[in-house]
There are 2 protein chains.
Amino acid sequence: MRERPKIKDIAERAGVSVATVSRALSDSPLVTTETRQRIHDLARELNYRPNVSARSLRTRRAMSVLLVVRDVGNPFYLDILKGVEATAREAGYSVLMGNTENDPARETEYFNMLRDGHADGMILMTGKLPPAGGGWTGGLARLPVVVALEIIEGAGLPHVQVDNADAAREAVEHLISLGHRRIAHISGPLPELMSLHRREGYRQAMRDAGLDVPDTYEVRGDFLLESGQECCRKLFSLREPPTALFVANDEMAYGAAYELRRMGRDVPGDVSVVGFDDLYLSKAFYPPLTTVGQPRAEIGHAAMGLLLDILSGAEIDCDEPIILPTVLHIRGSTAPPRG
Amino acid sequence: MRERPKIKDIAERAGVSVATVSRALSDSPLVTTETRQRIHDLARELNYRPNVSARSLRTRRAMSVLLVVRDVGNPFYLDILKGVEATAREAGYSVLMGNTENDPARETEYFNMLRDGHADGMILMTGKLPPAGGGWTGGLARLPVVVALEIIEGAGLPHVQVDNADAAREAVEHLISLGHRRIAHISGPLPELMSLHRREGYRQAMRDAGLDVPDTYEVRGDFLLESGQECCRKLFSLREPPTALFVANDEMAYGAAYELRRMGRDVPGDVSVVGFDDLYLSKAFYPPLTTVGQPRAEIGHAAMGLLLDILSGAEIDCDEPIILPTVLHIRGSTAPPRG
DNA sequence: CCAGAAAATGTAATCGATTTCAATGACGCT
DNA sequence: AGCGTCATTGAAATCGATTACATTTTCTGG
């Protein structure tokens, strides 16, 4: 058998019809235990594997889901992917990764993969929907899509997320409790909701402590390393530079810490830095980064679980997002202000 | 048209047969320019997209390739992925990412996806073949698989790689030229060829300089952060610890640098550290890491190009690997030895 | 030992596209 | 007008599985 065997080959060899083979292989109770066993053995012997195209054409199910992120290279997504994969695997689904690089064309493309039958559902972690007009405007709420990490308002999609505002507030309160008064914030891209919420948490902590936030203390980044450096330069060219930074993600925090060292300022001696995400390098960073940890595997697990529910036809309440808890990891990059 | 339109819907609306529609949509010269235009318009209007399962069932082509890595979370793979994707996209292929976590079961699974028709070809970056006996022993050379980064001997597969030994030699020569004599090596997992080659480069540079390499100066890691710390502890509990480390990848180098700081040794004041890979965080690391950079996008580009050649039926000479050049980035983690 | 229900299997339709082969129509040429 | 040629188009087979429906076999009770 040089060619890839098909169900017909097994049927001929076993002396039964293709229907019986199909039923036997899917462990249908309609076939005798003996024939089922015989067919299973034969399938293994021939090293048979069903053709996925044929199967999903007929069943209208691809048995795979799409996990769409901004940037696969971001180590942050790894644990989420693992959580998703483990849950998907249990249910017999495989996971396809999609990488958008914030490119709207690619975002639309992944949505199209849903329609093409490439995948049955999608976990969206880009914070964006494809631009309207591409045929997606209506009926989006009926698509098997779960939004994780990010927030997309008004689309009627189910969400799995953390309380960004609350986590940010906790992080800033940590800085305040160390004695810092002049605390600046490097935010993510605006007006994305995730960035807005983290900024809101920062503002609230400051307000609660009766601290002033001059406009110049809020600078906007884009979550990338270089942007952390750049924002940091801006903040430290101010007349009254901050003594602590709350940075909206770890990657920018790395950039900021690097830039501070370049400017001859010690972290945490001169400036304290808090990040957000707890990338796995953050504890090996110098100094080890104080940062907000998210339950990544659980996020993946919850999102995939929700998607499976939807795929099995359950009605999901989209107004009640699943909120998972964060943990503030206090490490070496924060200390009381000098003097 | 609430349902997803099929080719038949277009055919009815256009008053032609499905055959004509299929031909028109694939821009076959067999249809008049007018009907072709009319059908294209109609397709856009109905927002038609062909069902991939049906198409690939008939054409026996999935128009997608598999990119299999040890660990998607490793930022190292990002640029390679980008190179692969760009090249694939041009040729109309999409890229599916596979993540093995060094789990043989999952490695086999991705190979099976090839047979299932999920993908047409595969770029393998795990350095391993699935265990024999699963029906893969014979005919592997005929599978559309390209090995990138890693090396798999004797399988008759085409390779895209860098000259690991030469790059390692260059890195170690840099340390020697700074005046170091006691240079230790933290290797990758053995007996993987990539690790062996990097170690070989280290040994050769030492030999060429007439330097001794005690057995205790070669410790084996597994490419992960923690292993870098651990190996570092071993080396610095020696009677005569090294003054410089050549570490087989950046991630372990991070771990080693972290551990050195914990032990109160300055990098590069007390100990110089050289890594391998040039992760994008390496330049923001403290101190910025001296490391060997690989042409990642080009590796992805070359591997996908090779795969496309194979898929279009070209005969590939597997004995002549494609070798791409490396660059040693000299940064702040290396300096002359103290005194 | 037979009617009839239940269990096991087979036949053929089906999923939605591509493609082979046949049929049609338009056109030029004698 | 008649015929061959070429350009278009259509009808139907095909890819490899699943499954509705039909059929055969087995079992049960009377």
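Note on naming: letters A, B, ... go to the chains in the order of the sequence lines (proteins, then strands), and numbering restarts at 1 for each one.
Against DNA chain C, the stretch residues 50-63 of chain B makes heavy-atom approaches under 4.0 Å through B:Pro50, B:Asn51, B:Ala54, B:Arg55, B:Leu57, B:Arg58, B:Thr59.
Atom P of nucleotide C:dT11 and atom CZ of A:Arg23 are separated by 11 Å, given to the nearest angstrom. Between the P atom of C:dA8 and the CD1 atom of A:Ile39 lies a distance of 13 Å, rounded to the nearest Å. In this structure, the CG atom of B:Leu30 is 11 Å from the P atom of C:dT19, given to the nearest Å.
Across B:Ile80, B:Leu78, B:Leu149, B:Val162, a single residue satisfies side chain to side chain contact (heavy atoms under 4.5 Å, CB included) together with B:Arg296, and that is B:Ile80.
Annotation: side chain of A:Phe111 is not in contact with side chain of A:Val68 (no heavy-atom distance under 4.5 Å). Put simply, the side chain of A:Lys6 reaches to within 4.5 Å of the side chain of A:Asp9, judged on heavy atoms. Annotation: side chain of A:Val69 is not in contact with side chain of A:Leu81 (no heavy-atom distance under 4.5 Å). B:Thr108 is listed as a side-chain neighbour of B:Asn112, based on a closest heavy-atom distance under 4.5 Å. Within the 4.5 Å cutoff, the side chain of A:Asp27 has heavy atoms near those of the A:Arg36 side chain. Between A:Ile322 and A:Gln161, the closest side-chain pair of non-hydrogen atoms is not below 4.5 Å. Inter-residue side-chain proximity for A:Gln294 and A:Leu324 is flagged as unmet; no heavy-atom pair is nearer than 4.5 Å.
An end-to-end axis angle of 50° holds for the helix from C:dC1-D:dG30 to C:dT30-D:dA1, taken from five base pairs per end and rounded to 10°.
Side-chain atoms of B:Asp116 never come within 3.5 Å of backbone atoms of B:His118 as a donor-acceptor pair (strictly under, hydrogens ignored).
Residue-environment remark: NE2 (A:His301) stays at or below the threshold of 12 foreign heavy atoms within 6.0 Å.
Checking the phosphate oxygens (OP1, OP2) of C:dG10, a side-chain nitrogen or oxygen of A:Ser17 falls inside 4.0 Å.
Ion pairing between B:Glu101 and A:Lys82 holds under the 4.0 Å rule for side-chain N and carboxylate O.
Using a 4.0 Å heavy-atom distance criterion, B:Ser26 is classed as making no nucleic acid contact.
The span of DNA chain D lying next to chain A, judged by atoms under 4.0 Å from heavy atoms, is bounded 5' to 3' by D:dG16 to D:dA20.
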